Amino acid sequence: MSRISKAGKKLRIYLPFVNAGVQEASTYRANWFFYILGDVIGCFVSFFVWEAVFISNGGESFMGFDKGDMVVYIFLTFLTNKLISGGGTYDIGEEVKDGTIAMRMIKPISYNSTFLFQELGNKLMEIGIIFIPLTAGVEVYRFILTDSLQFNAGRFFLYLFCCVFAYLINFFFNICFGFTAFIFKNLWGSNMLKNCIVGFLSGSVIPLAFFPDAMKNVLSLLPFASLSYTPVMVYMGIYSGSEMLFYIGLQIFWCLAFWLLSKLVWKAVVKHLCVQGG
């Protein structure tokens, strides 16, 4: 049997998890809708906060960003965070608490891959309902602002390429953090803290360009900048060609690093698993 056919057979094993992710999002439509609505409201709150900053600054420019750039940055960051977000940490913590993790672990398939493909099912819903309309809205806004079409197909596909690696970095990072539930049993509080820290370090709250140069250079090399800041900078055309290659290469490095780390953490903590429910 060829490698391609083996890979195809292995992929088919995980397709039911993709379907489960789609069904979960469509079954609990009200919960999913209000969850998205809460994020959208948070995005607009961020927009009005930064608008107040620009007004108080008394001009159309602040820290090298003009008002139009800042609006595009806010909505692209929101869009990127939705594309790369994942609930691996929360899901693992809940399964440890209620005991359903035992059913997932006895299946003759990869534990990590079941989460990955189930999340992909949720992403298919988000792409159709959020990604396409919001991307179109951003480009219409840029057209109105500059009176010319700003959309660049090359940068757009590079942005999507960056989002793939950003999602994988975030997925494996969340999986590594989620595995600590095998020891600590409940991750609700620590997960909230983790999300706040990652949001700040990734440039989602404040663009990394606003930090002092020394701090910005350090934060740009950390894996969190690869989550949303790098894809957004690529989309907006801020990076030069060499900078783009460097930061995409950095994304690939962090993706491989967290993938390897997830394997090591799994081997270290699985022996400490104690199912509480079930």
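Sequence positions, counted from 1, serve as the residue numbers for this chain. If you're wondering where the values come from, they're calculated on a predicted model, not measured in any experiment.
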Worksheet item: Where do F224 and F173 land on the ring-ring contact (aromatic ring centres under 6.0 Å, His included) test, with the steps shown first?
Response: CA-CA 10 Å; F224 310 109; F173 173 72; 5.7 Å; yes
Discussion item. What's the separation between atom CD1 in I252 and atom SG in C162, rounded to the nearest 0.5 Å?
Written reply: 9.0 Å
Would you be so kind as to tabulate the donor-acceptor pairs closer than 3.5 Å made by side chains of residues 202-210, with sequence neighbours excluded?
{"unit_1": "S202", "atom_1": "OG", "unit_2": "V198", "atom_2": "O", "d": "2.9"}
{"unit_1": "S202", "atom_1": "OG", "unit_2": "G199", "atom_2": "O", "d": "3.2"}
{"unit_1": "S202", "atom_1": "OG", "unit_2": "S204", "atom_2": "OG", "d": "3.0"}
{"unit_1": "S204", "atom_1": "OG", "unit_2": "N81", "atom_2": "ND2", "d": "3.1"}
{"unit_1": "S204", "atom_1": "OG", "unit_2": "S228", "atom_2": "OG", "d": "3.3"}

Practice prompt. For the pair E139 (side chain) and A136 (backbone), establish whether a donor and an acceptor sit closer than 3.5 Å, ignoring hydrogens and angles.
Written response: no
Practice prompt. List the atom of D69, the atom of M236, and the distance in Å for their closest heavy-atom pair.
Written response: O-CE, 3.5 Å
Worksheet entry | Linked hydrophobic residues, L245 as query - side chain contacts closer than 4.5 Å | none
Response to the item:
Hits for side chain to side chain donor-acceptor pair (under 3.5 Å) against S148, two or more places apart or cross-chain, chain-then-number order -> T146, Q150
Worksheet item: What salt bridge (charged side-chain N to carboxylate O under 4.0 Å, His left out) pairs are there with at least one residue in residues 218-235, not counting sequence neighbours?
Response: none
Practice prompt. Report the C-alpha distance between S262 and F171 in whole Å, list the side-chain angles of each, state the deciding distance to 0.1 Å, and finish with yes or no for side-chain contact (heavy atoms from CB on, under 4.5 Å).
Written response: CA-CA 10 Å; S262 70; F171 172 79; over 6 Å; no
Worksheet item: In terms of the angle between their ring planes, are F75 and F44 parallel, tilted or perpendicular, with boundaries placed at 30° and 60°?
Response: perpendicular
Discussion item. Let me confirm one number: the CG-NZ distance from N174 to K194, rounded to the nearest 0.5 Å.
Written reply: 3.5 Å
Worksheet item: Is it true that the side chains of T80 and Y159 contain a donor and an acceptor less than 3.5 Å apart?
Response: yes
Worksheet item: Hey, any chance L256 and I175 share a hydrophobic cluster, counting ILVMFWY side chains that come within less than 4.5 Å of each other, even indirectly?
Response: yes
Practice prompt. Would you please test Y73 and Y229 for side-chain contact (heavy atoms from CB on, under 4.5 Å) and show each step?
Written response: CA-CA 9 Å; Y73 180 88; Y229 191 74; 3.4 Å; yes
Discussion item. How long is the straight-line distance from CE of M244 back to CE of M233, given to the nearest 0.5 Å?
Written reply: 11.5 Å
Worksheet item: Under 3.5 Å, is there a donor-acceptor pair between the side chain of W254 and the main chain of L221?
Response: yes
Worksheet item: Same hydrophobic cluster for I144 and V71, using side-chain heavy-atom links shorter than 4.5 Å among ILVMFWY?
Response: no
Item to complete: Indicate, with yes or no, if the rings of F161 and F165 have centres closer together than 6.0 Å.
Response: yes
Worksheet item: Would a hydrophobic clustering, with Ile, Leu, Val, Met, Phe, Trp and Tyr connected at side-chain separations under 4.5 Å, put I169 with F200?
Response: yes
Item to complete: Decide whether L160 and L250 are clustered together by the hydrophobic rule: side chain heavy atoms of Ile, Leu, Val, Met, Phe, Trp, Tyr closer than 4.5 Å, transitively.
Response: yes
Discussion item. One pair to check against side-chain contact (heavy atoms from CB on, under 4.5 Å): I248 and L158. What are the steps and the verdict?
Written reply: CA-CA 9 Å; I248 291 176; L158 277 174; 4.1 Å; yes
Discussion item. Using a 3.5 Å distance criterion without hydrogens, assess whether the side chain of N170 forms a donor-acceptor pair with backbone atoms of A166.
Written reply: no
Item to complete: Supply the atom-to-atom distance Y167 OH to L227 CG, rounded to the nearest 0.5 angstrom.
Response: 12.5 Å
Practice prompt. State the SG-OH distance between C163 and Y235, to the nearest 0.5 angstrom.
Written response: 10.5 Å
Worksheet entry | Spacing of SG belonging to C176 relative to NZ belonging to K263, to within rounding of 0.5 Å | 10.5 Å
Discussion item. For residues 164-173, which residue pairs pass the salt bridge (charged side-chain N to carboxylate O under 4.0 Å, His left out) check, not counting sequence neighbours?
Written reply: none
Worksheet item: Can V234 be reached from F157 by stepping across I, L, V, M, F, W or Y side chains whose heavy atoms are under 4.5 Å apart?
Response: yes
Worksheet item: Going through the distances and angles, do K216 and D213 end up as a side-chain contact (heavy atoms from CB on, under 4.5 Å)?
Response: CA-CA 5 Å; K216 179 186 70 175; D213 288 341; 3.9 Å; yes
Practice prompt. Give every residue pair that meets the ring pair (Phe, Tyr, Trp, His ring centres under 6.0 Å) criterion with at least one member in residues 132-151, sequence neighbours excluded.
Written response: F151-F156
